[in-house]
Each structure stands twice: as structure tokens, then as C-alpha cells.
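Here's the structure, in C-alpha cells; my notes come after.
Model, not experiment: these values are computed from the prediction. Remember, it's 1-based here, ligands and their atoms both numbered in the order they're listed. Count residues from 1 along the sequence.
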Amino acid sequence: MSQMGCGYGKVMPEGSKVGYVSVVRSLVAFTRVDRDETEKKPEKRKMFWFGANTKNREQKERRLSQNMRDTGHRLKTKTYKDKFDPRVTARYDIKALIGRGSFSRVVRVEHKGTHQPFAIKMMEVEFPEGREVCTTELTVLKRVSHPNIVHMVEVFQFPHRVYMVLELATGGELLDRVVSKGHFTERDATKAIKMVLAAISYLHSLGITHRDLKPENLLYYHPGSNSRLLVTDFGLAIDSTSVDTSWSLRTTCGTAEYMAPEMVQRKPYWSAVDLWAMGVISFIVLSGSMPFEDDSRTKLYRAIMRGKYSYSGDPWPCVSNLAKDFISGLLRVDPSSRLTAEQAQQHPWVASEAATSSCTNLHRPISHNLRQRASRDSSRCHSGGGGHGSARGRRERRIHLKVCNTRYLIQVNKG
Ligand code: ATP
């Protein structure tokens, strides 16, 4: 259930305006690899059918598709392996590609000595934008240590690529779990929100603002019900101890639907922007819909600046007033009256884990709303190929979104 608020993708800091064309180039390069891989397959299939013995066609077809899958997997793994520096592959076995970001690929690996699984985030740092994002992420990950923040085990730094070895999160994204659970109550929501708030509170105590909190960046460590929830993706974070905040904390960045009003208005801001994002996340987790959304970015920003959202439609009539009070405390336009991370943790709805709320199962309306939104996004963002739910569909959609995002950046540059 990725990409809530995918309509606009990520907005990079304005400081990254230089060299947008290179972003396009790197995106095209990434996309081309995919196309090359998929284009090879029909050719192979054709060769087989010309030489096939019709008697055992079914059996052979099955064998062939298995072979093709194996070969495809081997080729893919080989392609990624080839891109890895031998000093990395000397220590880690590359197992599979997990996903990709604007400047990164994330793969599942196994430590050769201990056989322990990890994730390696490989970042291209050839171009200034990638370098900027990578430096930011490294600075933060080197400083932090918290059970609800993804842990960096080690890092390999080379001139064109950086490899961050991270703890592997296998439990999926926050919203995927909400949907897959089959049963979801306010109590479940508070458990997840509590963990994210603990991470935010810790980050803010260190002077770090995440600036891109959204459900896709919240991953469960393992599939079990007692799993830790991890905050990931610190590419847009700001560490006030290591940067000139007089400039950085004026920068508009993040993902449009989660941006705080002060950021949208280009006013100086501080860590309260993370709490606004937390309000948006809580709204989504409890309802499967967005508090602020519009096909027009101007209208979306206007709605955010007004701070006008509504608790209408399902499942809101079943949601407790205490939960709504919590969200309202976070979605306050004036950042100085917004709940801080600590206050949010102490809010009775969170602190009591919704003890006084009803145990109504919100799963059906939430999943319904999420599905509806995903198909709206899909028809808006994804123009063809790969079913929406399929891995390929998700991957292509992700790439397409990056392209949408880049277009936006170019428009800003021209404007
Ligand atoms: P962008 O760079 O544009 O923000 P992104 O956040 O998707 O995109 P990454 O943070 O590089 O980019 O993540 C790419 C994919 O890898 C995502 O699907 C993410 O969920 C997954 N991922 C990232 N870190 C881990 C990890 N430690 N364990 C498991 N999966 C991870």
C-alpha cells in the first residue's frame, strides 16, 4: 500500500536546484536497466516456441518458465552484484533487490561470516543531489541509536558510490500491515503511533528534524505482531548541530501531502513540521484517507495552509473523540500551539493505548479507503504496464512517480 500521497512524490530541498538535468539522466539510466531486462524475455520465449515439441508442450512450458525465472533471477542478481564494489561483496553476499529510491538501490544481503541478513542501501553520489541526500542520511545515521530508528551497522564510502549496511526490515510498511492484519482497532493504531513518537522525540532531543515522515518510511522490523516499527529514510533530515539552519529550515522539501503549513508558506520552521506530518499519518492510519489532498498542488497547499480537514465519511463516526482530539492537537496551523513529540506521547489517547476507546474493528473501512485511493493514484500516476498490485506494477509506478517529481522540480526551476 505504498505511496500514500503519491500524487506529487518527493520535493527535494530548493538547494538542490542545480543540475536537475542530471537527476533526469540518472532516472533515465535506472529506467533503462528495467526496460532492457523486460525486453529480453519475449525474445527467449519466441526461440523456445519455434523449437518446441508439441507433445510435451505443457510440461516444457512449465520447465521453461521455471528456467526463465531462475535465469532472470540469476541475471538480475548478477547485474546488481556487478554494480557492487568487490570490497563490499567480499564481506556480504548480495541476495535480492528490495527496492529503489531516487538515488539509491536497496538490496537484501547476508554477511559472509555470520550469515546474518542485512539491507544495503547503495547510493549514487556522482551528482550533487545524490551526494547531498547521502551526506545528510549518513550524518544522521552515524549519530543515532534508538530501537525505533533503522540502525546502520557499517558504511563503505567510495568516490561514486556509498554503501550503507542497515538492519533489515522484513515486516513491511505501516499501511501494508494495517491492511493485512484483517483486524485493526484504535489500540493497534496507538501502538504504532507510540513507536514513531518515541523515535521523533529522540531525534528532536538531538536537534534532528526528519522532514519526510510518511507511512512509506515506517517499516516493521519483522512480520510478528510485537515487531518494532522503524523510522527510515533520512535523506531530507536536518541535523541542526551540523548545518546552517538559518538557511535549511526555510527550505520547502518533503512530500507535499505531509508538509506543514509553515513550510508550504515558506516561513522559517522548526521540528514541529514532523509533528504535523505525524498528524497526517495518524489521520491516515485511522481512516485510510488523507486529511489534505487535491489534484491541483496549489489547491492542496491552500487546504494545508487553512488547516481545514474533516472527519466525514467512514470510519470517522466510529472513531473516538479522544483520537480526534489527538489528531487536532497535531494538525494545528500555528506550530507553536501544536503538540510537541513529548506532549503527543503524553496525550491520554496515546498514553493509555486508547483504553477508553471502543474496540470497533476499523479494518474494513480503512482498507476500502486505502484501496480506493490507491486506484485513484494509480490511474493518475501510472499510465501503463504491470498490475497495480504486482511487484512490477509497484516498481514501475515508483519510477514513474520519480519522473513526475522531477518534472515538478524542473518547473520550479524555470518559475
Ligand atoms: P526516495 O529515495 O525517493 O525517498 P525511497 O524512500 O523509496 O525513495 P529508499 O529509502 O532508498 O528510497 O528505499 C527504497 C526501498 O527500500 C523502499 O521500498 C524501502 O521500503 C526499502 N528499504 C529501505 N531501507 C530498508 C531496510 N533497512 N530494510 C528493508 N527495506 C528497506
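The closest non-hydrogen atom to atom 10 (O) of ligand 1, taken over Glu137, Lys121, Met123, comes from Lys121. The residue from Pro117, Ser102, Gly130, Gly101 that puts a heavy atom closest to atom 12 (O) of ligand 1 is Gly101.
Checked against ring pair (Phe, Tyr, Trp, His ring centres under 6.0 Å), Trp316 has the following partners two or more places apart in sequence or in another chain: Phe283, Tyr311.
Here Thr232 has no heavy atoms under 4.0 Å from ligand 1, in either its backbone or its side chain. For Glu167, every heavy-atom contact with ligand 1 shorter than 4.0 Å involves the backbone, none the side chain. Residue contacts with ligand 1, taken as heavy atom pairs separated by less than 4.0 Å, involve Ser104 solely via side-chain atoms from C-beta onward. Contact annotation: for Arg100 versus ligand 1, heavy atoms closer than 4.0 Å belong to the backbone alone. With a 4.0 Å cut-off on non-hydrogen atoms, Asn217 touches ligand 1 through its side chain and not its backbone.
Side-chain contact check for Gln157 versus Tyr163: every heavy-atom pair is 4.5 Å or farther apart.
Using a 4.0 Å cut-off between charged side-chain N and carboxylate O, Lys181 and Asp188 make a salt bridge.
Annotation: Asp212 places no N or O atom under 3.5 Å from an N or O atom of ligand 1; distance criterion only. Between Glu216 and ligand 1, no N or O atom pair is found at a separation short of 3.5 Å. Checked by distance only, ligand 1 and Ala169 come closer than 3.5 Å through their nitrogen or oxygen atoms.
Residue Glu154 qualifies as enclosed at atom CD: its count of foreign heavy atoms under 6.0 Å is above 12.
Between Arg87 and Phe158, the shortest heavy-atom contact is CZ-CE2, 3.2 Å.
Atoms CZ and NZ, on Arg187 and Lys191 in that order, are 4.5 Å from each other to the nearest 0.5 Å. Rounding to the nearest 0.5 Å gives a distance of 7.0 Å between OH of Tyr309 and CD1 of Ile327. In this structure, Leu203 CG and Ile149 CD1 are separated by 3.5 Å, a value rounded to the nearest 0.5 Å.
Ligand-side atoms of ligand 1 in range of Val150: 27 (N), range being under 4.0 angstrom from any heavy atom. Near Gly99, meaning under 4.0 Å from one of its heavy atoms, ligand 1 places the atoms 14 (C), 15 (C). Taking every non-hydrogen atom of Ala119 and a distance limit under 4.0 Å, the qualifying atoms of ligand 1 come out as 26 (C), 27 (N), 28 (N).
Counting only residues at least two apart or on different chains, no salt bridge (Lys or Arg N to Asp or Glu O under 4.0 Å) pair has a member in residues 279-288.
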